[in-house]
Colleague: 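Pasting a structure below so you can have a look.
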Number of protein chains: 2
Amino acid sequence: MNMASPRDKIIQAAMELFWLKGYNSTSVADLLSRTQLNSGSLYHVFPSKQDVLIGVLEAYREGIEQMLLEPAWGQVADPIEKIFALLNGYRTMIVESDCTYGCPIGSLALELHEPDPRVRELLAANFANWTAAIERCLDAAGKRIPPDVDKGALAQFVLTAMEGGVMQARTHRDVAYFDRAVTQLRAHFELLEQAAKATA
Amino acid sequence: MNMASPRDKIIQAAMELFWLKGYNSTSVADLLSRTQLNSGSLYHVFPSKQDVLIGVLEAYREGIEQMLLEPAWGQVADPIEKIFALLNGYRTMIVESDCTYGCPIGSLALELHEPDPRVRELLAANFANWTAAIERCLDAAGKRIPPDVDKGALAQFVLTAMEGGVMQARTHRDVAYFDRAVTQLRAHFELLEQAAKATA
DNA sequence: CAGCGTCTTGATTGATCGTTCAAACAAGCG
DNA sequence: CGCTTGTTTGAACGATCAATCAAGACGCTG
């Protein structure tokens, strides 16, 4: 008994294909052959291809806990190590795809040059959710981070480093570029922890 | 007397259009109407649209000094300030485009999911040129940076922060996201300079 | 079973894409 | 002038795209 509704099938296929090939390079025909549906069924559920994208971005937004955070944080308790465990999750994705795919949100964000406002807001919301999760880790780290540090900005900087690192790893087809970005971020956190200790 | 050859006209138009709309969303027809050429003329110079892209990426690679570094570094002598002057140049680009366009190389790098090897190598070469310029600044900074710091990795981290910041500024349509990334990077450099002083 | 609303089928549409090519044109040379 | 070589013209081509819709199948209720 396969309960997967057409809608769910399309969303799942679109998540994979948009990640693999990007939004513009994924044709509606691709979605149809992957889901074994006909065009009429797709257009019965989604008014347009863009609405599929919106569905995908909403699914990412709703699923960040189960799809991203819980898998990465299952074995990790230390709040700062949680941050690097999450980054390591992205590393795994990069390696398993031979450095060809990166962050699905980041790729879409740069691919869509003049996105519909709803799409842009969903991209922004996904980023905001991600950095909010990091900021919770920073708050949990308490006095290990100097109190004068803007934790929101630092959380955003983690995303910055991740996205920039993913981009370069994909361009060079070499994880080492991602690893170096993470190493530099780690060095920054160590300097911050030292500074917090020194003024304690 | 306009000496601009068809080739130069196409490259210049393609630089603008690929930056504005991306590679896939720029049609050959767009290039033709912008350059007032006919399709045959374009295809006489470039075997395919992808060869136009290659020409653009080569132009960026060859022109990094005059187009990017010299304008940003004209008034700046301090090597570390040069780094932030370059970042400020990108900030200007972001603001002037109302946060819609970012780094032309980064956008292309994430837009092209399965690029031709020549294209990928040129994207990588452009990134490598950029970080090499930063690394020269870091070398010039001498003992202000702790000697045990991997200057190549740190130079790459500057690019990482720039690309990640640009991506978020564009997604949120707000330069503040870029500014915060730069601020965090600046904090990192200040911590490094302090560490270098402490062990001097 | 009949009736009705929901969902599915898949051929078809018109637009747009990158690319081609025979023909016309221009410039240099003997 | 005639001949060659290089360049431009622009209509046309086939492929592919997102989207449509009349017709049919399905499922529920009475």
Side-chain angles (χ1 to χ4, degrees), chain A residues 1-57 107-108 111-120 122, chain B residues 1-57 107-108 111-120 122:
Chain A
M1 50 189 285
N2 187 1
M3 298 289 284
S5 70
R7 187 175 201 282
D8 292 341
K9 282 166 75 176
I10 294 165
I11 291 288
Q12 195 187 335
M15 284 175 92
E16 291 175 23
L17 288 171
F18 291 169
W19 182 53
L20 258 145
K21 314 174 37 164
Y23 174 72
N24 286 309
S25 300
T26 298
S27 68
V28 175
D30 288 336
L31 290 170
L32 298 178
S33 72
R34 173 74 78 111
T35 54
Q36 303 276 44
L37 293 170
N38 293 96
S39 61
S41 299
L42 186 147
Y43 281 96
H44 180 74
V45 181
F46 295 103
S48 76
K49 185 189 174 189
Q50 182 181 272
D51 291 281
V52 178
L53 173 62
I54 288 172
V56 165
L57 291 174
S107 298
L108 289 169
E111 178 187 354
L112 306 167
H113 282 249
E114 282 165 352
D116 184 276
R118 281 178 302 168
V119 172
R120 221 209 60 241
L122 278 167
Chain B
M1 52 188 286
N2 187 1
M3 299 287 285
S5 69
R7 187 175 201 284
D8 292 341
K9 282 165 75 175
I10 293 166
I11 291 287
Q12 195 186 337
M15 284 173 92
E16 290 176 24
L17 287 171
F18 291 168
W19 182 52
L20 258 146
K21 313 174 40 164
Y23 174 71
N24 285 309
S25 299
T26 298
S27 68
V28 175
D30 288 335
L31 290 170
L32 298 179
S33 72
R34 174 75 78 111
T35 54
Q36 303 277 45
L37 292 171
N38 293 95
S39 60
S41 299
L42 187 148
Y43 280 95
H44 181 73
V45 181
F46 295 102
S48 76
K49 186 189 173 188
Q50 181 181 272
D51 291 280
V52 178
L53 173 62
I54 288 173
V56 165
L57 291 174
S107 299
L108 290 169
E111 178 187 353
L112 306 167
H113 282 249
E114 283 164 352
D116 185 276
R118 282 178 301 169
V119 172
R120 222 210 61 239
L122 278 167

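Here is the naming used below: chain letters follow the sequence lines, and residue numbers restart at 1 for every chain. Excluded from the calculations below are hydrogen atoms, water molecules and symmetry mates; all remaining heavy atoms, backbone and side chain alike, are included. Nothing here was measured: the structure is a model prediction, and the numbers come from that model.
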Colleague: Using heavy atoms and a sub-4.0 Å distance, could you list which residues of residues 20-31 of chain A are near DNA chain C? By number, please.
Modeller: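 By residue number: none to list.
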Colleague: Check whether any side-chain nitrogen or oxygen of His44(A) sits under 4.0 Å from OP1 or OP2 of dC7(C), and answer yes or no.
Modeller: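 So the side-chain polar atoms of His44(A) do come within 4.0 Å of the phosphate oxygens OP1 or OP2 of dC7(C), strictly under.
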Colleague: From CG of Leu32(A) over to C1' of dT20(D), roughly how many Å is that when rounded to an integer?
Modeller: 13 Å
Colleague: Separation of Lys49(A) atom NZ from dT16(D) atom P, in whole Å?
Modeller: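 The answer, rounded to whole Å, is 15 Å.
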Colleague: With respect to the phosphate group of dA19(D), does any side-chain polar atom (N or O) of Tyr43(A) fall under 4.0 Å of OP1 or OP2?
Modeller: yes
Colleague: With sequence neighbours left out, what residues match Leu122(B) under side chain to side chain contact (heavy atoms under 4.5 Å, CB included)?
Modeller: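 Once residues adjacent in sequence are excluded, the partners of Leu122(B) under the side chain to side chain contact (heavy atoms under 4.5 Å, CB included) criterion are Ile54(B), Leu57(B), Glu58(B), Arg61(B).
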Colleague: Please confirm whether the shortest side-chain N or O distance from Asn38(A) to OP1 or OP2 of dT8(C) is below 4.0 Å.
Modeller: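 For dT8(C), OP1/OP2 do not have a side-chain N/O of Asn38(A) under 4.0 Å.
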Colleague: What do the steps show when you test Ser27(A) against Asp30(A) for side-chain hydrogen bond (donor to acceptor under 3.5 Å, both in side chains), and what is the final call?
Modeller: CA-CA 5 Å; Ser27(A) 68; Asp30(A) 288 336; 3.3 Å; yes
Colleague: Quick one about Asn38(B) and Ser41(B) (side-chain donor to acceptor, distance below 3.5 Å, no hydrogens or angles considered), yes or no?
Modeller: no
Colleague: Measure the distance from CD on Gln50(B) to C1' on dC17(C) and round it to the nearest whole Å.
Modeller: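 Whole-Å distance recorded here is 16 Å.
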Colleague: Starting from P on dT7(D), measure out to CG on Leu42(B) and report it in whole angstrom.
Modeller: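 My rounded result for the distance is 15 Å.
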Colleague: Can you tell me the distance, in whole Å, between the CZ atom of Arg7(B) and the C1' atom of dG6(D)?
Modeller: 17 Å
Colleague: Base, sugar-phosphate alone, or nothing: which one does Ser39(A) contact when heavy atoms must sit under 4.0 Å apart?
Modeller: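 If one applies the 4.0 Å heavy-atom cut-off, Ser39(A) turns out to touch a base.
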